[in-house]
2 protein chains.
Amino acid sequence: MVNAGKPLPGRSGRPRAGEERLSRHAILEAALRIVDTEGLEAMTMRRLASTLGVNPMSIYHHLPNKAAVFAGLAELVFAQLESTPPDDSVPWKDELKTAAAAYRDALRAHPNLALQILSDTSAVSDVVVVVVEPFYRSLDRAGADPRQIVEAVNTIIDFIHGFSLGEASVRAETFDLAPDLLARVSALPPGKAPTLVRVVTELGAEGLAYDFDTGFATGIALLVDGIATRFAL
Amino acid sequence: MVNAGKPLPGRSGRPRAGEERLSRHAILEAALRIVDTEGLEAMTMRRLASTLGVNPMSIYHHLPNKAAVFAGLAELVFAQLESTPPDDSVPWKDELKTAAAAYRDALRAHPNLALQILSDTSAVSDVVVVVVEPFYRSLDRAGADPRQIVEAVNTIIDFIHGFSLGEASVRAETFDLAPDLLARVSALPPGKAPTLVRVVTELGAEGLAYDFDTGFATGIALLVDGIATRFAL
DNA sequence: ACCTGAACACCGTTCAAGT
DNA sequence: ACCTGAACACCGTTCAAGT
């Protein structure tokens, strides 16, 4: 399948009006499809051009370079984050949890891309500013002061990033690591990590079956309780 | 400086006993130096060979491929994590905070590598198992049950990963984003993020000057308080 | 303006050959 | 066993040329 989407012959030069084959948006859509189906490293400029049926260089008339393509993809992903409308009837803790879940969902929708997004500051910072409003709103409503709001939101966002990183990595893997973990822990040199070994064996294989959804809910709940306790909200 | 470290001529074939130029360890040390000083993408097999004064292919006799080099680097970094000895005289909350700080420090020591480590599951999972013992110990001492311990530790680790990702990214950047943030927020369309705008302007430029150390301490404190509250420890 | 072809300066890795 | 040279199948991007 190396030559799939090879450029059509006999169609070089500027296309006639209304038959442009390329646009920033079309390029980004194609790029996202490659990333989703074949992974990050499959998304090369040459491969992208090939699926668009176009010369590799044509892309550079719409996006300055490969980094810009990835930045554009990050934009696309965050744009899909549905903004929760303000609703003062729901308790602030629930509003916070809803915002957290929405943010996680946006990152989870494209696991192969999450990795790239989270490690590319320039891609994130432009959009994260807007994404963050519902977090600010609920904490403001809870009565936290500006300093506390910033600290709490930063912490929640960091947790979501770390969680999503783990979630995306496992999604990208082929093998199942739940029983793997049990095996690896059992194989540890005896004195090395006694508490870990005891806890893991006490839980057993079925107790270790990790569920990302409840893992996320628990993490957020711990954080929200911590915020309420520490800031007396 | 393209040809720095070009292979010495007239020295091909197997070296005589005791004059091996290469070893897994020497290769990894050189690789780490490249990553630290010039960044992740500067670390190519050819560049690595060149700084070692060796043919690119020689490396493959000690490490199977580039991924193995990065996995080896992750190993190196985690190996530098000093293990805190058990100390039951200190409160469990403090022991937890110490473990968190040590883990963060290990990731922070090589910011360019942190990104790679955190996004490479296979690199982490082998070592993180051991790293995690002090967290388990302190929570066990606090009286948490196995289920609670696992949930709490996962949450703390995820937070540290997300925090370190942000810290490493900013370190890798050249520009200062504190005043940048203020400018960007002010430029936002009026109705878009009212709470964010109000909080940020109330804090002002000096209030926003972000300090990673206190940011980390606050995050961990929130988490620890949440654990204590939710699990009634 | 938009697209192309050829070229430049790189990659990681295989394979057969040297000592 | 360990190292090398040449080669393969790729990269991202520049630049001059086409329409």
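Convention: sequence-line order gives letters A, B, ...; per-chain numbering from 1.
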Please pick, from [options], the nucleotide with the shortest atom-to-atom distance to any side-chain atom of [X].
{"X": "N65(B)", "options": "dG5(C), dT13(C), dT4(D)", "value": "dT13(C)"}
{"X": "Y60(A)", "options": "dC11(D), dG12(C), dT13(D)", "value": "dT13(D)"}
{"X": "H61(B)", "options": "dC3(C), dT4(D), dG12(D)", "value": "dT4(D)"}

- request: To the nearest 0.5 Å, tell me how far D36(B) CG sits from L32(B) CG.
  value: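 So the gap between those two atoms works out to 4.5 Å.
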
message: For DNA chain D, which residues of residues 27-35 of chain A approach it to below 4.0 angstrom with any heavy atom?
response: none

- request: Whole angstrom is fine here: how far is it from CG in L52(A) over to C1' in dT4(C)?
  value: 15 Å

In residues 58-68 of chain A, what donor-acceptor pairs under 3.5 Å come from side-chain atoms, sequence neighbours left out?
| from | atom 1 | to | atom 2 | distance (Å) |
| --- | --- | --- | --- | --- |
| S58(A) | OG | N55(A) | O | 3.1 |
| N65(A) | OD1 | A67(A) | N | 3.3 |
| N65(A) | OD1 | A68(A) | N | 3.0 |

- request: Please assess F159(A) against F159(B) for the test ring pair (Phe, Tyr, Trp, His ring centres under 6.0 Å), listing each intermediate value before the final yes or no.
  value: CA-CA 4 Å; F159(A) 166 71; F159(B) 166 71; 8.4 Å; no

task: Just jot down the side-chain contact (heavy atoms from CB on, under 4.5 Å) partners of T201(A), sequence neighbours excluded, or say none.
output: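 Testing T201(A) for side-chain contact (heavy atoms from CB on, under 4.5 Å), a comparison that skips the adjacent residues, returns V197(A).
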
message: Going by the rule ring-ring contact (aromatic ring centres under 6.0 Å, His included), which residues pair with F135(B) if we only count those two or more places apart in sequence or in a different chain?
response: none

Looking only at atom types and distance, does a side-chain atom of [X] sit under 3.5 Å from a main-chain N or O of [Y], one as donor and one as acceptor?
{"X": "S164(A)", "Y": "H161(A)", "value": "no"}
{"X": "T218(A)", "Y": "T214(A)", "value": "yes"}
{"X": "E38(B)", "Y": "M43(B)", "value": "no"}
{"X": "T37(A)", "Y": "R33(A)", "value": "yes"}

message: Mind checking if S58(B) touches a base, just sugar-phosphate, or nothing, with heavy atoms under 4.0 Å?
response: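 Result for S58(B) = base.
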
- prompt: Can you find a pair of side-chain heavy atoms, one from K192(B) and one from E133(A), that are under 4.5 Å apart?
  reply: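 Heavy-atom side-chain distance check fails, nothing below 4.5 Å.
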
Between the protein and nucleotides 7-9 of chain C, are there any N/O to N/O pairs under 3.5 Å, and if so, what are the atom names and distances?
none

query: Within the pair H62(B) and dA1(D), is there a side-chain N or O less than 4.0 Å away from OP1 or OP2?
result: no

Pairing pattern in dot-bracket form [Watson-Crick, G-U; both distances under 3.5 Å; | = partner strand] for DNA chain D: ||.|||||...|||||.||

